[in-house]
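Have a look at the structure below before the remarks.
Both ligands and their constituent atoms are indexed starting at 1 by order of listing. We use all heavy atoms of the structure for the numbers below, so side chains are in, but hydrogens, waters and symmetry mates are not. What you are looking at is a predicted structure, and each value in this text was computed from that prediction instead of being measured.
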Amino acid sequence: MSEPPGLDGGLTNYGDRDFARYLRRSMARSMGISNELLARPVVGIAISPSGFNNCHRTMPELTEAVARGVLAAGGLPRTFPTISLGEVFLNPTSMVFRNLMSMDVEEMIRAQPMDAVVLIGGCDKTVPAQLMGAASADRPAIQVVTGPMMTGRHKGERLGACTDCRRFWAKFRAGEVDRAEIDQVEGRLAVTAGTCAVMGTASTMACITEALGMSLPGTAAIPAVDAQRLVAAEESGKAAVRLARNPIRPSEIITERSVENAFRLLMSLGGSTNAILHLTAVAGRRGIRIPFARLNEISDETPVLVDLKPVGDGYMEDFHAAGGVGAVLRELQPLLHPDCVGVDGRTLSERLSEPLPWVDRRVVRPFGDPIAKEGGLIVLSGSLAPDGAIFKRAAATPALFETEGRAVVFENLEDLSLRIDDPNLDVVRNDILVLKNAGPHGAGMPEAGYLPIPAKLARAGVKDMVRISDARMSGTAYGTIVLHTAPEAAVGGPLAAVRSGDRIRLSVARKRIDLLVDEGEIQRRLAEWVAPPKPKRGYGMLYRNTVTQAPLGCDLDFLAGDGSK
Ligand code: FES
């Protein structure tokens with residue numbers, strides 16, 4: 001077997017290949033690396049540490065563990081930085097920068113001499129960006145996630161970011177928790193390194209990555225501070241050297257069949273709505289598109305099996321101890337495509353044929369005794385969302401599944417924050433709250449779809465209302481919430497035409513969301529609609545001119561495709 005090109009791969013263009021090789025080796029030797037190691041297969045390690053990313057705090061020790069594995073298996077590890085996206089430290093929202101990070105990852109994998117790459121990330125947008133970049137670069141790649149946080153304690157109960165953040169904030173808004181207690185809770189929600197402790201977006205994406213086959217089996221849910229996480233990193237380093245010598249490319253792993261498997265896992269996790277966007281964007285990088293009708297089919301066939309917040313009770317530490325992704329995939333096995341290959345070179349059925357010693361059935365239910373018979377997420381369509389909207393039925397209030405109500409409209413995020421708690425706001429408990437202009441073009445699609453219950457209703461004990469927007473929602477949030485409405489208001493979708501007082505009907509049974517206004521009147525209103533201004537320079541301009549709508553994953557339109565340049 002011939003060795004991969006290693007450091008001689010992708011030489012710098014001087015018009016003299018031998019000179020380029022000689023110069024590169026000279027500079028590499030200046031890093032104090034022996035000739036013996038310089039002759040080895042090169043494994044890049046894409047790292048994203050940042051003082052603005054708490055979820056990546058363990059990056060140094062993970063990097064060391066991956067490098068140890070690469071060296072042990074006979075490769076040469078080379079770390080390289082990319083940008084880092086700390087979810088709560090970015091304005092206007094991390095979603096705007098996911099595509100930018102994916103470009104960074106793709107171009108640095110392509111431009112630098114590596115035979116395989118290990119991608120280390122964790123926070124919400126990081127893993128999608130790394131997978132998108134790797135899918136486009138199509139060089140052998142393996143994902144290592146930073147892993148979830150452990151829970152904190154408060155007055156005898158466990159707390160985990162960020163479902164409990166929202167639960168306590170809602171209590172504070174309703175006057176059930178005072179300032180002193182909310183300050184105390186603030187310090188008890190996120191007490192270790194790692195990603196949010198529930199089945200939010202980061203955890204969902206970690207699980208999806210394992211189901212896709214882009215990370216080693218059994219690694220998605222290991223807590224960030226568990227020693228096994230370092231072992232997983234070391235094993236991933238070794239696996240990357242095997243991939244360098246016997247390449248299996250992302251294009252062989254991310255296929256229509258593995259993407260369907262990943263969507264099926266998403267449904268059974270009751271996972272984050274954001275994962276639909278991210279998985280769509282990752283698949284889009286390989287030219288794969290799963291139609292919404294197929295997504296609904298998968299959802300209707302797939303039970304929710306995992307009892308974790310925000311849908312259930314447990315935390316990621318419980319999921320790991322219960323058997324993790326492997327336990328769920330074994331339950332779903334009759335519904336999965338068995339022939340999908342993973343980074344370890346085995347098919348899914350080969351991976352799942354290994355016995356799993358024990359499964360905690362309180363956390364991972366058997367197929368025949370699910371938490372819910374149908375999957376956690378569905379796609380709605382109708383006159384308010386001709387191109388679709390997402391609804392997380394697993395985290396919603398069943399009593400609100402068939403609702404017709406009066407719209408209370410907020411024109412944009414600023415309008416929402418100015419008026420939502422106004423004591424004079426004309427709103428009652430069975431109204432439907434509508435937020436416009438928070439989609440990918442309107443505001444970068446922030447996680448603003450979890451509109452707060454108006455203060456006067458919250459104080460009166462209202463816990464949930466139907467809420468509709470073109471925004472996203474945190475994977476850790478819950479409620480009867482319609483998201484990702486497409487086309488969005490800022491491109492003149494029907495959402496732009498809604499006015500306070502209009503009637504809206506949500507039917508989960510029929511998977512519909514309709515604006516009960518005469519079509520002619522909707523068109524008259526839209527004829528008066530004026531497009532919002534666009535940024536005139538920089539990444540903001542590129543983003544606004546090319547970002548796609550939610551059904552295409554909000555990627556930049558020129559990045560989608562089969563990855564060929
Ligand atoms: Fe990074 Fe929640 S803030 S995963």
Side-chain angles (χ1 to χ4, degrees), residues 47-59 62 82-98 101 119-131 143-152 158-169 185-210 215 219-226 229 266 269-275 277-279 308-311 314-317 319-320 392 395 444-450 472-478:
I47 58 168
S48 45
S50 166
F52 295 103
N53 194 338
N54 57 294
C55 300
H56 292 190
R57 203 178 94 198
T58 53
M59 193 69 62
L62 283 171
T82 68
I83 59 170
S84 185
L85 306 178
E87 187 62 23
V88 299
F89 294 95
L90 289 158
N91 177 275
T93 165
S94 63
M95 186 63 186
V96 170
F97 305 104
R98 181 200 66 181
M101 181 174 181
L119 310 149
I120 313 181
C123 197
D124 286 18
K125 305 304 174 295
T126 312
V127 171
Q130 291 182 324
L131 289 176
Q143 182 80 52
V144 171
V145 296
T146 56
M149 294 176 197
M150 303 294 284
T151 52
R158 291 192 294 169
L159 295 186
C162 228
T163 304
D164 296 321
C165 318
R166 294 171 202 288
R167 184 164 61 85
F168 269 90
W169 192 250
V185 167
E186 182 185 285
R188 294 175 174 174
L189 288 162
V191 295
T192 75
T195 50
C196 288
V198 299
M199 191 54 81
T201 304
S203 299
T204 305
M205 287 309 302
C207 295
I208 277 180
T209 305
E210 187 177 325
S215 58
T219 59
I222 305 170
V225 295
D226 189 317
R229 168 113 344 257
L266 168 64
L269 296 174
S272 164
T273 48
N274 287 320
L277 288 176
H278 299 322
L279 189 51
L308 292 195
K309 289 174 191 272
V311 169
Y315 295 89
M316 285 301 287
E317 61 198 34
F319 185 50
H320 172 58
K392 187 170 183 176
M445 214 178 184
E447 291 184 334
Y450 178 75
R472 296 179 301 119
M473 169 174 89
S474 164
T476 62
Y478 49 89

Minimal heavy-atom distance between F89 and F52, with the atoms involved, is CD1-O, 3.0 Å
Scanning both residues in full, the closest heavy-atom pair of R229 with A220 reads NH2-O, 3.6 Å
So, T93 side chain and G444 main chain: donor-acceptor pair closer than 3.5 Å or not? no
* To do: Compute whether any side-chain donor of one residue and acceptor of the other, for S474 and R166, lie under 3.5 angstrom apart.
  => yes
For this session: Consider only side-chain N and O atoms of T201 and R472, and report whether a donor and an acceptor are under 3.5 Å apart.
Result: no
The protein N, O or S atoms lying under 2.8 Å from atom 2 (Fe) of ligand 1 are C196 SG
ask   = Between H278 and M95, does a side-chain contact (heavy atoms from CB on, under 4.5 Å) hold up when you go through it step by step?
value = CA-CA 10 Å; H278 299 322; M95 186 63 186; 3.9 Å; yes
